[in-house]
Student: 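Before I ask anything, here is the structure I am working with.
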Amino acid sequence: MNTKNKKSIALFIFTACFLVRVFSQTPSIIQKIRFPLWALLDAYPGLEEAQDVTAAQYDYPVKAIREVAPFLISGMVYGWEFTYTPSDKLRGVEEYIEIKEIVDFSLASQLITYSSPWIQDNRLNCWCEFTRTADQIQNYNLWASIKNPVTHGRGNGSLTEGFEGIRTAATEAVKDSVRNYYRSVIKNKPKEIRGKVLIRDIPSIGIVSGQYIINLDFFLECGKILEYSVF
């Protein structure tokens with residue numbers, strides 16, 4: 001084999017290995033959900049977990065990741081129902097939002113895998129993976145194909161609340177997306193809006209000034225709109 005051919009084969013092998021490595025670290029969403037997730041190495045001092053002197057070194061971040069991942073993936077696989085009440089100062093109504101799982105994800109959450117952990121910036125990071133079933137893929141494609149509006153929401157929650165802070169941030173992101181969408185299509189402020197959302201892309205979570213910040217993209221299924229009958 002001549003030198004030129006040897007160089008070509010070496011280049012091919014290097015390129016193939018590089019592409020495999022890049023692909024293996026690429027977030028994905030449809031057939032196999034795959035995205036990086038992190039948790040702080042140490043619990044916030046006010047949290048109950050911070051008082052546990054018997055905990056091993058990485059018990060807290062591992063527990064935190066295993067709480068957050070099923071919550072987010074349930075929103076990606078089946079979605080969340082929401083009930084939203086817009087604020088109305090004239091009627092003395094405060095803004096309110098509630099979300100809940102469309103389908104109980106507790107059994108399916110056992111199929112989530114966690115791999116390739118690494119530590120960076122005082123955080124434990126890892127890749128979270130969940131392979132959709134054929135029915136779950138069909139469900140995602142159905143959401144994507146029936147022209148549900150695509151919305152974006154940003155929310156924040158307190159770092160001092162641990163997982164509940166992330167849940168609050170996600171709920172606020174739903175509210176942000178729903179409010180922004182319906183403001184553009186409804187003339188008169190409704191009494192209540194009910195519907196569903198499905199997370200359509202990789203979640204983004206960060207920390208700013210003691211707050212979890214989460215950005216989520218959704219498919220929005222417009223549900224029931226309740227109007228005020230009398231002012």
Side-chain angles (χ1 to χ4, degrees), residues 27-37 64-86 95-114 127-157 163-186 190 192-206 212-226:
S28 57
I29 185 69
I30 299 180
Q31 182 174 3
K32 173 179 280 188
I33 295 173
R34 176 179 169 84
F35 62 95
L37 192 61
I65 288 174
R66 288 182 177 273
E67 285 180 325
V68 175
F71 170 66
L72 293 176
I73 293 176
S74 74
M76 301 168 81
V77 174
Y78 295 117
W80 300 323
E81 293 179 331
F82 67 83
T83 301
Y84 173 57
T85 300
E95 188 176 45
Y96 171 80
I97 180 78
E98 180 182 22
I99 67 171
K100 63 179 182 179
E101 292 179 340
I102 294 175
V103 176
D104 185 357
F105 194 69
S106 56
L107 290 178
S109 67
Q110 299 174 23
L111 301 177
I112 299 173
T113 60
Y114 306 87
W127 286 87
C128 302
E129 298 181 359
F130 179 85
T131 301
R132 297 182 197 256
T133 65
D135 287 342
Q136 290 166 351
I137 293 173
Q138 184 178 11
N139 181 58
Y140 180 89
N141 290 333
L142 182 64
W143 275 85
S145 65
I146 59 178
K147 296 184 179 180
N148 287 315
V150 173
T151 62
H152 173 81
R154 176 185 173 94
N156 60 280
F163 167 68
E164 287 305 317
I166 290 181
R167 182 180 179 87
T168 296
T171 303
E172 291 292 306
V174 174
K175 181 179 73 175
D176 185 48
S177 70
V178 170
R179 179 175 56 196
N180 290 339
Y181 173 75
Y182 280 104
R183 278 178 175 173
S184 66
V185 299
I186 299 177
E192 185 178 89
I193 301 171
R194 299 174 187 169
K196 301 175 183 178
V197 293
L198 183 85
I199 300 175
R200 61 178 293 270
D201 211 341
I202 301 301
S204 171
I205 304 175
Y212 288 112
I213 304 296
I214 189 166
N215 287 278
L216 298 173
D217 292 318
F218 301 104
F219 293 119
L220 170 64
E221 182 180 302
C222 303
K224 190 172 183 179
I225 300 176
L226 305 179

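Numbers here are sequence positions counted from 1.
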Student: Under 4.5 Å between any side-chain heavy atoms of Tyr212 and Phe163, yes or no?
Tutor: no
Student: Quick one: do Ile112 and Tyr114 satisfy side chain to side chain contact (heavy atoms under 4.5 Å, CB included)? Show the steps, please.
Tutor: CA-CA 7 Å; Ile112 299 173; Tyr114 306 87; 3.5 Å; yes
Student: Considering all heavy atoms of both residues, which atom of Cys128 and which atom of Leu37 are nearest to each other, and what is their separation?
Tutor: SG-CB, 3.7 Å
Student: Which pair of heavy atoms, one from Ser177 and one from Val174, lies closest together, and at what distance?
Tutor: OG-O, 2.8 Å
Student: Say you draw a straight line from CZ of Arg154 to CD1 of Ile214; how long is it, rounded to the nearest 0.5 Å?
Tutor: 11.0 Å
Student: Check each of Val77, Ile202, Leu72 against Ile33 using the side chain to side chain contact (heavy atoms under 4.5 Å, CB included) test, and report the only one that passes.
Tutor: Val77
Student: Could you tell me whether Phe105 and Phe130 have their ring centroids closer than 6.0 angstrom?
Tutor: yes
Student: Which atom names give the shortest non-hydrogen contact between Leu216 and Ala173, and what distance separates them?
Tutor: CD1-CB, 4.1 Å
Student: Decide yes or no for Glu81 and Ile99: does some side-chain heavy atom of the first lie under 4.5 Å from some side-chain heavy atom of the second?
Tutor: no
Student: Please round to the nearest 0.5 Å and tell me the distance separating atom CG of Asn180 and atom NE2 of His152.
Tutor: 9.0 Å
Student: Let me confirm one number: the CE-CG distance from Met76 to Asp201, rounded to the nearest 0.5 Å.
Tutor: 7.5 Å
Student: How many angstroms lie between atom CG of Asn156 and atom CD1 of Ile166, to the nearest 0.5 angstrom?
Tutor: 12.5 Å
Student: My understanding is that only one of Glu95, Glu192, Lys175 makes a side-chain hydrogen bond (donor to acceptor under 3.5 Å, both in side chains) with Tyr84; could you say which?
Tutor: Glu95
Student: Working to the nearest 0.5 Å, report the span between CZ of Arg200 and CD1 of Ile30.
Tutor: 9.5 Å
Student: Could you tell me which non-hydrogen atom of Ser109 sits nearest to which non-hydrogen atom of Pro70, and how far apart they are?
Tutor: CB-CB, 3.8 Å
Student: Which atom names give the shortest non-hydrogen contact between Ile97 and Phe82, and what distance separates them?
Tutor: CD1-CB, 4.1 Å
Student: Side-chain contact test, heavy atoms from C-beta onward, threshold under 4.5 Å: evaluate it for Ser28 versus Phe35 and give yes or no.
Tutor: no
Student: As a quick check of understanding, evaluate side-chain hydrogen bond (donor to acceptor under 3.5 Å, both in side chains) for Thr133 and Asp135, giving each step before the final call.
Tutor: CA-CA 5 Å; Thr133 65; Asp135 287 342; 5.3 Å; no
Student: Quick check: do Phe219 and Ile199 have side-chain heavy atoms less than 4.5 Å from each other?
Tutor: no
Student: Heavy atoms, side chains only, cut-off 4.5 Å: are Glu221 and Val197 in contact?
Tutor: no
Student: Do Asn215 and Pro203 have side-chain heavy atoms sitting under 4.5 Å apart?
Tutor: no
Student: Between Phe71 and Arg167, is a side chain to side chain contact (heavy atoms under 4.5 Å, CB included) present by the stated rule, with each step listed?
Tutor: CA-CA 8 Å; Phe71 170 66; Arg167 182 180 179 87; 3.2 Å; yes
Student: Give the C-alpha distance, both sets of side-chain angles, the deciding distance and a yes or no for side chain to side chain contact (heavy atoms under 4.5 Å, CB included) between Arg132 and Tyr140.
Tutor: CA-CA 9 Å; Arg132 297 182 197 256; Tyr140 180 89; 3.7 Å; yes
Student: Is the CZ atom of Arg179 crowded by more than 12 outside heavy atoms at less than 6.0 Å?
Tutor: yes
Student: If you apply the rule side chain to side chain contact (heavy atoms under 4.5 Å, CB included), what do you find for Val178 with Arg183, and how did you get there?
Tutor: CA-CA 8 Å; Val178 170; Arg183 278 178 175 173; over 6 Å; no
Student: How long is the gap from CH2 on Trp80 to CD1 on Ile102, to the nearest 0.5 Å?
Tutor: 10.5 Å
Student: Is there a side-chain contact between Tyr182 and Ile225 in this structure, where contact means two heavy atoms from C-beta onward sitting under 4.5 Å apart?
Tutor: yes
Student: Side chains of residues 143-151: which donor-acceptor partners sit under 3.5 Å, not counting sequence neighbours?
Tutor:
unit_1 : atom_1 : unit_2 : atom_2 : d
Ser145 : OG     : Asn141 : O      : 3.0
Ser145 : OG     : Leu142 : O      : 3.2
Asn148 : ND2    : Trp143 : O      : 3.1

Student: Could you verify whether a donor N or O on one side chain and an acceptor N or O on the other, from Tyr96 and Glu98, lie under 3.5 Å apart?
Tutor: yes
Student: Less than 4.5 Å apart, any side-chain heavy atom of Ser74 and any of Glu101?
Tutor: yes
